[in-house]
Asks: 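This structure is in structure tokens; I'll ask about it shortly.
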Amino acid sequence: MKSLSFIVDDEAFEVKDLLFDKIIINRREYEYKIHCVSNGKNVYQLIVDDRLFDFFVKANSDTQYDIWINQDILTVTVQDLRAQIIFHLNELIPRGTHPSYCTAPMPGLVTTINVHPGDLVEPGKPLLILEAMKMENEIRAAIRGRVKSVEVKNRTSVEKDQILMIIEPIHNKEND
Amino acid sequence: MKRKINKILIANRGEIAVRVIKTCNELGIKTVAVYSEVDRNALHVKRADESYLLGSAPATESYLDKEKILRCAKASGVDAIHPGYGFLSENPDFVEMVEKQGIVFIGPGVEAMRAMGDKTTARHLAKTLGVPIVPGTAEAVTSSDQAMVLAEEITYPILLKAAGGGGGKGMRIVRSEAELDSALKASQSEAASSFADDRVYIEKYLDDPRHIEIQILADSHGNVVHLGERECSIQRRHQKIVEESPSTIVDQNLRRKLTEAAIKLVSASGYRGAGTVEFMVCGDKTFYFLEMNARLQVEHPVTEMRVGIDLVREQIMIARGERLTYTQEDIQFQGHSIECRIYAEDPMNNFYPSIGEIVLLRSPSGFGVREESGLEEGCEVTTYYDPLIAKLIVWGRTREETINRMLNALSSYRIYGIRTNLPLCSWIIDHEEFRRGNIDTNFLTKHWSPKSSPKPPEEIRTAAVIIAALREQSLQKPYASRNHVASKSKWRNKLLEGLR
């Protein structure tokens, strides 16, 4: 098989060989077994070098998923060929023109919009308030940039991952 | 007057509804649950003797709809309604509607609820009883000379606050007289530009206060007892996370003062039932009355564990018109208790709520360990209601024993399918300053950042990589395995379908 690379909580791992009961990760070999936990909920057991782990996988997107293992939850990003191509394409797009999408991290109701198209935002600036579970959640800017468009209206419900705003990044040098 | 209570409707959901049902079962009282459309499969619905649909998911259409709840109460023929906490528990209009139908509301009377629910009335009552309240000026200050006199009276540090609005605008902390004049001018001009109103008030500034509350039980025959204090200083944006009893700052002398003040307030307001009087306590052990909660508190089990009294049972007994069966001297306090609130929110990602199906649930258990939860495998956590999904309460002979027991219980808790604050709870309980009892309401702001959480151990990360590799392989079709027969591969591929 071809090699696979993954990012697990900011650390890179490379899988060179995946056999039925053996795997080589970062040049080290591990023995493993996998079983299904029969509660009908896709919970599994993994045994690595005789140590047992319970786990469950939930996909966030095609290339990223969360894994519940014992008392931890880890986020895995797949760096396969396709993901790598997309990644490099993003790199090739000149900075400052590639728009960044601000999306809803969860379903909820938009209760306040703090910015208007054309506004300059700094990382951490509250963009809007999304109400879910009776809690007001501030959605903040992740990057420095200019608000290109606001894609939602106040008092409307949004789905998870729905685009809320488009922000055009501003390269620091532009304003220096 | 004695009143019959043989059947109770619980006008709530989640862990507290389940909690109330347990006590009713013990007392041989029939229970009626109400639910919204999304809660059809919730645990409280399954645990009750009867369940009635209220309406669609939003609380205003279901758990806050007074008429619908009352209709269910009449249809099911209950004698009483238990409101739990939140929702309609402190709504005097609802209490009036319920009592008008001849149904018992398990809680205080309307007048006491109104008096205690209104902050200014409660503050005024405290003042007349000689219970300390956060000192401050009733009128705006006009000159810096006047401010100086008032600040002297209140004692430094003081807080200058704009009368026209909040949000920190015009707010200044002043620690000495030398700073006062310039701070007042700055505060006034900021207030004027923000709210077109330059009036500024002076209030005592409390440096890193601790939140301490006293649990009270009062029957309708004038008997009032306290069940000691709970410390709830570990909070985030006024949302409590960890509570314990006894508090590490409360000594015999302070406990006597706090409990006396609480009993005075409760007696004077004609309060009946279980209630909580909240105080702010400073490092020098001065204390101020904050507010009174006319209901069962989320953290009531912390008290139950130490005194061995079921507070829900007492609420029902008091509502029946019975007398407390013990005096203050009969109440014995034993050991230490801590509660962690389990929230469906992700501390690593701005505390955003986390929703989804619970696919695996393994609750901690063992000596001194208690879980109060509204969860079961297969249930769905939605965005409609409070993110509090469960509570973990432990008891131990000493605080240290309790801390270690709590850490062990937290680490054996498994909730798969949603993100929770379990790792944050472990981090708090194991923190050096928490172990020392050196806590206040700014604990999290001072000590915690997303980077504080420990990284998962090496073997867990390795396991994650194996899982990821298996998942990627199962997604690639046709399945290709170099050295195994096709049937084995087929079987494996079938097994791995659930990873996609």
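Below, chains carry the letters A, B, ... as their sequence lines are ordered, and counting in each starts from 1.
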Asks: Picking from Gly108(A), Cys36(A), Pro105(A), which has the most non-hydrogen pairs under 4.5 angstrom with chain B?
Replies: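 The candidate making the most pairs under 4.5 Å is Pro105(A).
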Asks: Please rank Ile23(A), Asp10(A), Asp54(A) by heavy-atom pairs under 4.5 Å with chain B and give me the top one.
Replies: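 Looking at each of Ile23(A), Asp10(A), Asp54(A) in turn, Asp54(A) comes out on top.
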Asks: Can you tell me which portion of Asp49(A) sits under 4.5 Å from chain B's heavy atoms? Options are side chain, backbone, both or neither.
Replies: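 Neither part; nothing is under 4.5 Å.
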Asks: Give a yes or no on whether the backbone of Pro347(B) and the side-chain of Asn421(B) come within a donor-acceptor separation of less than 3.5 Å.
Replies: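 Side chain of Asn421(B) to backbone of Pro347(B), a donor-acceptor pair under 3.5 Å: no, none is there.
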Asks: In terms of heavy-atom proximity below 4.5 Å to chain B, should Phe55(A) be classed as side chain, backbone, both, or neither?
Replies: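 The answer is both parts of Phe55(A).
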Asks: Measure the spacing between CG of Leu43(B) and CZ of Arg13(B) and express it to the nearest 0.5 Å.
Replies: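 If I round to the nearest 0.5 Å, the distance is 11.0 Å.
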Asks: Is chain B contacted by the side chain of Arg51(A), its backbone, both, or neither, given a heavy-atom distance below 4.5 Å?
Replies: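 Just the side chain, heavy atoms under 4.5 Å.
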Asks: Is Pro107(A) in contact with chain B via its backbone, its side chain, both, or neither, using a 4.5 Å heavy-atom distance?
Replies: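 For Pro107(A), heavy atoms of backbone and side chain both lie under 4.5 Å from chain B.
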Asks: Given side chains that start at C-beta, do those of Ser411(B) and Asn408(B) come closer than 4.5 Å, heavy atoms only?
Replies: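 Counting from C-beta outward, Ser411(B) and Asn408(B) do come under 4.5 Å.
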Asks: Rounded to the nearest 0.5 Å, how far does CD1 of Ile67(A) lie from CZ of Phe56(A)?
Replies: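 Reported to 0.5 Å precision, the distance equals 11.0 Å.
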Asks: Hey, which of Ile467(B), Leu470(B), Leu360(B), Thr462(B) has the most heavy atom pairs under 4.5 Å with chain A?
Replies: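 With the most close heavy-atom pairs to chain A, the winner is Ile467(B).
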Asks: Return the option, out of Val76(A), Leu74(A), Val8(A), Asp9(A), with the maximum number of heavy-atom pairs under 4.5 Å with chain B.
Replies: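 Answer, by heavy-atom pair count under 4.5 Å with chain B: Leu74(A).
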Asks: Test your reading of the model: is there a side-chain donor-acceptor pair from Lys58(A) to the backbone of Gly417(B), 3.5 Å cut-off?
Replies: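 Flag set: sc Lys58(A) to bb Gly417(B) pair under 3.5 Å.
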Asks: Most heavy-atom pairs under 4.5 angstrom with chain B, which of Leu109(A), Val37(A), Leu130(A), Ile25(A)?
Replies: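 Most heavy-atom pairs within the cutoff with chain B belong to Ile25(A).
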Asks: Sort out for me which of Asn137(A), Val57(A), Ile139(A), Asn26(A) touches chain B most, counting heavy-atom pairs under 4.5 Å.
Replies: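 Counting heavy-atom pairs under 4.5 Å, the top option is Asn137(A).
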Asks: Can you tell which part of Ser412(B) gets under 4.5 Å to a heavy atom of chain A, answering side chain, backbone, both or neither?
Replies: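 No part of it gets close to chain A.
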Asks: Between Asp72(A) and chain B, with a heavy-atom cut-off of 4.5 Å, which part of the residue counts as in contact: side chain, backbone, both or neither?
Replies: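 When you check distances to chain B, only side chain atoms of Asp72(A) fall under 4.5 Å.
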